[in-house]
Amino acid sequence: GAGVSQSPSNKVTEKGKDVELRCDPISGHTALYWYRQSLGQGLEFLIYFQGNSAPDKSGLPSDRFSAERTGGSVSTLTIQRTQQEDSAVYLCASSFGGAHGYTFGSGTRLTVV
Amino acid sequence: KQEVTQIPAALSVPEGENLVLNCSFTDSAIYNLQWFRQDPGKGLTSLLLIQSSQREQTSGRLNASLDKSSGRSTLYIAASQPGDSATYLCAVKNAGNMLTFGGGTRLMVKP
């Protein structure tokens with residue numbers, strides 16, 4: 001596609017439920033990031049995928065968070081047993097390697113009630 | 001470990017002023033530096049991308065410069081308008097395609 005697509009754009013879930021957030025990167029992009037942004041806060045790094053290398057999971061805040069990138073393309077961020085503090089906008093970005101810049105999706109706004 | 005700092009954290013100017021936003025980074029071994037704009041509750045929009053071999057990039061009223069050796073970049077906005085009000089973020093890309101963001105500058109342009 002022309003850009004990075006994230007779905008859903010908005011998600012309201014009850015505390016304790018599991019949620020899946022999807023990111024469709026630009027075709028051919030080898031690098032993919034997930035960030036989280038709480039209201040009024042900066043970007044919080046979550047996880048980074050680069051090609052076939054093992055992902056950098058150092059930003060995941062707890063073991064309730066996990067992410068996959070299947071076939072080097074679509075990525076899914078899963079949050080299990082959601083808590084109210086998980087409420088935030090979750091942003092995905094992708095890039096070719098080397099000198100290319102990153103393109104961000106519009107994000108998924110997650111609200112845990 | 002790359003660290004990126006943006007100064008000032010917030011800026012309020014009257015409409016029509018020219019302004020400069022600053023970004024500094026600690027590791028000069030970068031592929032490129034990217035300036036983004038973020039409107040409240042929205043995603044990031046790429047404004048300018050400067051390669052490590054370049055000194056500056058221009059787009060309309062925006063001009064970004066890069067001094068890799070000193071670890072600095074500036075974003076110059078000419079003739080600011082209320083519609084320029086947003087948070088401006090710089091990010092550097094290092095080896096392994098790692099992306100490191102600064103904390104952002106919140107800009108308010110008053111009519």
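Note on naming: letters A, B, ... go to the chains in the order of the sequence lines (proteins, then strands), and numbering restarts at 1 for each one. Because the structure is a prediction, the values reported are computed rather than measured.
- With a threshold of 4.5 angstrom between heavy atoms, Gln37(A) approaches chain B through side-chain atoms but not through N, CA, C or O.
- The two residues Gly107(A) and Leu91(A) come nearest to each other via the heavy atoms CA-CD2, 3.6 Å.
- Taking hydrophobic clusters as Ile, Leu, Val, Met, Phe, Trp and Tyr residues chained together by side-chain heavy-atom distances below 4.5 Å, Trp35(B) shares a cluster with Leu107(B).
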**OP:** Tell me, with the steps shown, if Arg22(A) and Ser75(A) meet side-chain contact (heavy atoms from CB on, under 4.5 Å).
**Re:** CA-CA 6 Å; Arg22(A) 178 186 170 103; Ser75(A) 178; over 6 Å; no
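- Surrounding CD of Gln54(B) are more than 12 heavy atoms belonging to other residues, nucleotides or ligands, all under 6.0 Å away.
- A continuous path of Ile, Leu, Val, Met, Phe, Trp and Tyr side chains, each step under 4.5 Å between heavy atoms, connects Phe101(B) with Val89(A), placing both in one hydrophobic cluster.
- Counting heavy atoms from C-beta outward, Gln50(A) and Thr30(A) have side chains that approach closer than 4.5 Å.
- Among Ala93(A), Gly42(A), Gly101(A), Gly51(A), the residue making the largest number of heavy-atom pairs under 4.5 Å with chain B is Gly101(A).
- Using a 4.5 Å cut-off between non-hydrogen atoms, the part of residues 5-31 of chain B that approaches chain A consists of Tyr31(B).
- Considering Asp24(A), Thr108(A), Leu32(A) in turn, Leu32(A) is the only one that fulfils the side chain to side chain contact (heavy atoms under 4.5 Å, CB included) rule with Cys92(A).
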**OP:** Test salt bridge (Lys or Arg N to Asp or Glu O under 4.0 Å) on Arg64(A) and Asp86(A) and set out the steps.
**Re:** CA-CA 10 Å; Arg64(A) 296 186 296 105; Asp86(A) 299 334; 2.8 Å; yes
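- The residue among Leu49(B), Thr87(B), Thr100(B) with the most heavy atom pairs within less than 4.5 Å of chain A is Leu49(B).
- When the candidates Leu33(B), Asn32(B), Leu89(B) are compared by the number of heavy-atom contacts under 4.5 Å with chain A, Asn32(B) comes out ahead.
- Between Tyr33(A) and Tyr35(A), a ring centre-to-centre spacing shorter than 6.0 Å is recorded.
- The shortest non-hydrogen separation linking Gln57(B) to Leu48(B) is O-CD1, 3.8 Å.
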**OP:** Check step by step if side-chain contact (heavy atoms from CB on, under 4.5 Å) holds for Ile79(A) and Tyr90(A).
**Re:** CA-CA 11 Å; Ile79(A) 309 173; Tyr90(A) 289 80; 3.7 Å; yes
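- Centroid-to-centroid, the aromatic rings of Phe36(B) and Tyr88(B) stay 6.0 Å apart or farther.
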Original post:
Does the side-chain contact (heavy atoms from CB on, under 4.5 Å) test come out yes or no for Val74(A) and Cys23(A), once each step is laid out?
Top reply: CA-CA 6 Å; Val74(A) 172; Cys23(A) 173; over 6 Å; no
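- In this structure the side chain of Phe45(A) reaches within 4.5 angstrom of the side chain of Asp56(A), judged on heavy atoms.
- For the set Lys42(B), Lys93(B), Gln38(B), Gln51(B), the count of heavy-atom pairs under 4.5 angstrom toward chain A peaks at Lys93(B).
- Considering only heavy-atom pairs separated by less than 4.5 Å from chain B, the leading option among Ala99(A), Ser106(A), Ser53(A) is Ala99(A).
- With a 4.5 Å cut-off on non-hydrogen atoms, Ala31(A) touches chain B through its side chain but not through its backbone.
- Among the residues in residues 59-85 of chain B, none has a non-hydrogen atom closer than 4.5 angstrom to a non-hydrogen atom of chain A.
- In this structure, chain B has a heavy atom under 4.5 Å from the side chain of Ser95(A), while its backbone stays farther away.
- If you measure heavy-atom distances from Tyr102(A) to chain B, the contacts under 4.5 Å come from both the backbone and the side chain.
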